[in-house]
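Quick notes on the structure that follows.
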Amino acid sequence: MIGARILLVDDEVVFTKNMAKLLTNRGYVVTPVNSGDSAIRELEENDFDVVVLDLKMPGMDGITTLKEIKKLGLFTETLILTGHGAIDTALEATKLGAYDYLTKPCEIDELVAKIEGAWEKKDDAQKDDIQEKIKKVVESPSSAFSLFGKKKSKK
Amino acid sequence: MEGREAIHTSTHDAHIEELRERRKHYYARFFRRFALLIIAFFLVPLFLVGWGINTYYTKFATARMTNSFHALVDNHRKIIELFLGERSSKLHLTAHTHSRDYLAQVSNLAHVFEMINLEQSSITDLGVIDEHGRHLAYIGPYDLMDKNYTNAFWFKEVMKKGLYISDMFMGFRKIPHFIMAVTRTENGETWILRATINTEVFRSLVENVTIGKTGEVYLLNQQGIFQTSPRFRGKIMEKSPFPVESFHEGTRIRILDADDQKHIPRQIVAQTWLKEPHWMLVVKQDYSEAFSDVNHANRATLVFLLLSAIATLIVTVIITKHMVAVIRRRDAEADQLSKQLMQAGKLASVGELSAGVAHEINNPLAIILTERQILLDLVGQTPSLDEEFKKELVESLSQVDVQVQRCKRITHNLLRFSRRTTSVIETVNLNEFLREVIELVEREAKTSGITFIPELEEGLPPLLTDPSQLQQVFLNLITNAVDAHDGKPYGSIHISTRSDDENEGVEVVFADTGSGISQKNLEKVFDPFFTTKPVGKGTGLGLSICYSIIKRLGGDVSVQSELDKGTVFTIFLPYSPPSDLQESMNEELEV
Ligand SMILES: Nc1ncnc2c1ncn2[C@@H]1O[C@H](COP(=O)(O)OP(=O)(O)O)[C@@H](O)[C@H]1O
Ligand SMILES: [Mg+2]
């Protein structure tokens, strides 16, 4: 079975490169990017299960990026990486809809566990969504056109 | 580093010493100035008023005194003039109601003499004299019938004026007396009725007057001869030392200064001239007696002024002392406050700095961890590796992990120190809480020979406070106490609690038997990064974190220590935290 598709967002190039390698070793499909902007672009073009997002970045910071991601209206879950002192911001991020947060530096096993959790949640949400839609189709077949479209296209 | 620290401290101490010295001077100067000012403001008006009252009263009293002297002299003059007038009018009446021939008969003259002296013996003799100065008749104790008065002074005067009153003179009788003579012109011939006045009655009239202890009354003629005996210094018919002025109308009042030898004190003198004869009536009194009332009042004023001045001085000293004490207290409070502000400022700036540093360090640490993990992955993926090599590699990679974790702890400490922690206020049973904390550290400390001795007060009221922060404080203090026993085989840590209802809080005391802290270091233990521990062991942050946590919880912490004996940290915690903390907590909950 193929692992989750992960978008890794951090301004530290070496960090994303290493992390990508480690996560790939563990069976994930990883796309590393180094800024909030490229993360949004990537999300618009491709499907991802989990976004791992650093809060402290130059340019567009983590919180803004998170808000942008939420605007896209995807099922994709977001996992926050933060320094220890920024727990307040991390809590704010979870309130904005992030799945959970991790303090840097973190063990790879911890990260993997959280990714798994996020992925599961995303999958569940998607399955629920599909079932609902099937129900709707059964009740009113006219909405069948939008059945397999992106969540976004519904709006 | 050590040296620089030392120099810095010594200049700091010198600065404080200098400041203290300056303050002391300032207080002394303030005291002097303020006291002088009050004295000037109180005493100057006081003396002005005193002086005014005194001057005014003296003037007023002198005027009254002078007036009364005036009246006295006038009165006496009237009495004397009345006496003399009565005598002269009797003579006048006699001369004009009886003819010369009638009076020239001795029996008739004797009858008149008797009639005049009927009520009071006012004359001692009576004679009728013709215009040639010969006696026509005479009644009296002396035989004067042969006397011829043609050349006598009084004879000429009376012939000229019609009435004559002589000065006192000895005459033939050798006792002071004076005569009175009137003329009558009958059928172109002038004759004279002459009488000798009873001087006893007259003199008693003047001499018996006494005024106070030093007052006297006497008469002087124009030559300054006493016409009556004065009470002091002199006798009738003697020359008075008193300079006589020429005749003047009205009454004059003078003050005579004391003579050089002080025989005669300062005197007040009133004088007035009689019309006939020209005698001067003198009333005299020692100034001090006459003005004793004034002097008395002046003395009273003086005493009053003196008392007021003394009272003012005492009040001034008390007030000024009080003011200086108030200022001194204010200064001390301000010092205390600025010290606290300085401490808070230090903590804040260090906090900001360390937060930045910690953040920056976290990123490379994260990378190092990923690199380590990559290596570990590689080892796992390469089964052909030599076992020995593999073991070495894994070991050293685990050491990398240990060191990274250590760095992480340090940065986390720094961040925890700097960040505005979200307080979670809960009800805490302090005694139970402390027992848990002690249990936590006891096992570790046992190996170093340290025993914990809790002395927890029963029935301690529960605290409303942040347990996780409090735990950090207690752990830091206990860790320090344990560290302080380094090199000692055994020791103890007393932990006691005591409720302080007066201040609405609880006192927690940590007393250890460790190394103690030197006097020099005692002031610095709460400073961030102050540590005496070897590099790698101490961060110097423990106590400054404790300090800021306790302050934030509305409490207080102080330290006492004796080198080689031990150290006592005393913590005060309020029953409930300051309201701003509770508010900020509520806000955070609402978000
Ligand atoms: N109980 C104690 N007994 C003796 N010295 C102490 C004690 N507590 C603190 N100190 C002194 O205060 C210094 C600062 O303590 P702290 O701020 O906790 O930093 P650290 O423990 O990392 O050195 C310590 O290095 C030590 O010299
Ligand atoms: Mg310490």
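What's counted below: heavy atoms across the whole structure, side chains too, no hydrogens, waters or symmetry copies. Here is the naming used below: chain letters follow the sequence lines, and residue numbers restart at 1 for every chain.
Taking CG of B/Leu369 as the start and CD of A/Glu107 as the end, the distance is 5.5 Å to the nearest 0.5 Å. Note that CG of B/Asn362 and OG1 of A/Thr103 are 8.5 Å apart. Values are rounded to the nearest 0.5 Å. Rounded to the nearest 0.5 Å, atoms NZ (A/Lys17) and CD (B/Glu371) are 6.5 Å apart.
For B/Lys390, the NZ atom is densely surrounded, since the number of other residues' heavy atoms within 6.0 Å is greater than 12.
Between B/Gln373 and A/Met19, the closest side-chain pair of non-hydrogen atoms is not below 4.5 Å. Using a 4.5 Å cut-off on side-chain heavy atoms (C-beta onward), A/Lys21 and B/Thr370 make no contact.
Residues A/Pro105 and B/Ala366 share a closest heavy-atom pair of CB-CA, 3.4 Å.
Contacts between residues 375-383 of chain B and chain A, defined by a heavy-atom separation under 4.5 Å, are made by B/Asp377, B/Gln381.
Residues passing the salt bridge (charged side-chain N to carboxylate O under 4.0 Å, His left out) test with A/Lys114, sequence neighbours excluded: A/Asp100. The salt bridge (charged side-chain N to carboxylate O under 4.0 Å, His left out) check on A/Asp49 picks up A/Arg5, A/Lys122, with sequence neighbours excluded. Residues forming a salt bridge (charged side-chain N to carboxylate O under 4.0 Å, His left out) with B/Glu360 (at least two apart in sequence, or on another chain): A/Lys56.
Both the backbone and the side chain of B/Leu365 come within less than 4.5 Å of a heavy atom of chain A.
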